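Small disclaimer: the values here were computed from a predicted structure and weren't measured. Atom set for the values below is all heavy atoms of this structure, side chains included, hydrogens, waters and symmetry mates excluded.
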Amino acid sequence: IVYVWGAYLFLYLQPEYLSSLIERVFLSCSGASTSGYLKTLIRKLQAILLCGCIWLLLTVATSIMRMFSLRLLDPLTTISTLLPNANITRFIHDVGRYFLVSSSLFGFFAFDALYATVVVNYVSQSELIIYFLRSIMVKTRVKSQQLNEVIKDIFHASDILQVFNGQLSYIVSLSMFIFISDAVSSFVNLNSLRDNKFSLGYAVGICNISQWLFLVISPIIQAARLTKECQKLRLLGLEVSARPFTYKDTPQETLDSFLQYTTSTKYGVSTQCT
């Protein structure tokens, strides 16, 4: 269910929303007061994508090592001995081996690709929202835009967080249960190995535990960072009120309205992974 739901979300619902989010964040970070944010954000997004690709390649390598360690193709030899002709037996044996290897690798790759897409998308969107909130706070502190424009940006940020806390967060939460169960299963299998020496089975177990724990920790760290920035945004009204010289020409009613709006609006990451 999680696989089908995630595939539908990323193929049909997320592309348009993600492109509009990137456009809004890049425009917000392209100002004079936030010129350094854009380059840093691009480098971080590239690093997140690179980490996802490396993780996917490592999972493929781990899947190949798992096949060699578990010897999943040995039952084919018993089937091949029932055939009378040795050449036909060898041919069917090789065809069956290559078919099983290729189909297993393709299945593992399809599931792992979706898992990597879910986590990379979640981490990337949270990073975009973090820099969007930071750009709002910086432009407010230096008064590069009026408070009514800041309120509009905060309203857009609230809408973005609402969408972010929707289906994507539910999919990430459900996927994390899968990641944790796979990590626990890999740990149990690692402890069940009777060979005291380091073998290929130990390497596969360690790689499996590491790759699943990485997918569990990454969304939690990003959710914590995003929640911290949301808490800073709620204190923005108090910070503006404490700096009368920056907004000395602004009416007190506007400052009070801005203070009430920022403190009364709830921002945060509502996902089970936090």
Side-chain angles (χ1 to χ4, degrees), residues 6 8-52 117-172 218-219 221-237 239-240 247 254 257-258 261-271 273-274:
Y8 173 75
L9 178 65
F10 292 112
L11 289 177
Y12 299 101
L13 300 181
Q14 280 288 320
E16 183 178 355
Y17 164 75
L18 186 59
S19 61
S20 62
L21 175 62
I22 294 174
E23 181 181 1
R24 183 179 295 276
V25 175
F26 277 31
L27 289 176
S28 180
C29 295
S30 60
S33 57
T34 57
S35 58
Y37 281 180
L38 191 57
K39 295 181 180 179
T40 306
L41 176 60
I42 292 175
R43 287 197 296 267
K44 287 189 175 182
L45 293 177
Q46 291 174 346
I48 292 171
L49 181 60
L50 179 61
C51 289
T117 302
V118 169
V119 175
V120 168
N121 198 301
Y122 184 88
V123 174
S124 301
Q125 288 192 31
S126 59
E127 195 69 29
L128 288 168
I129 299 173
I130 286 173
Y131 274 85
F132 183 56
L133 298 180
R134 288 179 179 177
S135 65
I136 293 175
M137 291 184 284
V138 169
K139 289 186 290 186
T140 304
R141 293 188 183 104
V142 300
K143 199 182 178 181
S144 60
Q145 60 183 10
Q146 299 299 322
L147 289 182
N148 56 351
E149 297 177 354
V150 176
I151 292 176
K152 292 180 181 179
D153 289 339
I154 294 177
F155 178 77
H156 291 313
S158 179
D159 287 342
I160 292 173
L161 286 171
Q162 185 176 3
V163 176
F164 181 76
N165 292 328
Q167 294 183 351
L168 179 60
S169 295
Y170 285 112
I171 291 177
V172 171
S218 299
I221 294 176
Q222 286 298 99
R225 294 179 63 236
L226 182 54
T227 302
K228 184 179 179 180
E229 294 298 327
C230 292
Q231 293 175 354
K232 291 180 180 180
L233 184 62
R234 293 196 64 186
L235 300 176
L236 185 61
E239 187 176 350
V240 169
Y247 290 90
T254 304
S257 300
F258 182 73
Y261 181 78
T262 53
T263 55
S264 61
T265 306
K266 295 182 179 180
Y267 314 98
V269 181
S270 59
T271 177
C273 66
T274 56

Donor-acceptor contact present, side-chain Ser28 to main-chain Val25, <3.5 Å: no

CD1 on Ile48 to CD on Glu127, rounded to 0.5 Å: 5.0 Å

Taking every non-hydrogen atom, the tightest pair across Ile42 and Phe26: CG1-CZ, 4.0 Å

Rounded distance (nearest 0.5 Å) linking atom CG of Asp159 with atom CG of Leu21: 12.0 Å

Result of checking Ile22, Leu133, Ile160 against Leu128 for side-chain contact (heavy atoms from CB on, under 4.5 Å): Ile22

For Lys44, side-chain hydrogen bond (donor to acceptor under 3.5 Å, both in side chains) partners two or more places apart: Tyr131

Beyond-backbone contact of Ile171 with Tyr122, side-chain heavy atoms, under 4.5 angstrom: no

Side-chain donor or acceptor of Ser124 paired with backbone N/O of Asn121 under 3.5 Å: no

Check: Val123 main-chain N/O paired with Gln222 side-chain donor or acceptor under 3.5 Å: yes

Student check: side-chain heavy atoms of Leu233 and Met137 closer than 4.5 Å: yes

Donor-acceptor pair between Gln231 and Arg234 side chains, under 3.5 angstrom: no

Where Val120 and Gly52 come nearest, the two heavy atoms and their spacing: CG2-CA, 3.8 Å

Crowding at CD, Glu149 (>12 non-hydrogen neighbours, <6.0 Å): yes

Donor-acceptor under 3.5 Å (Thr140 side chain, Ile136 main chain): yes

Rounded distance [0.5 Å steps], SG in Cys29 versus NZ in Lys139: 7.5 Å

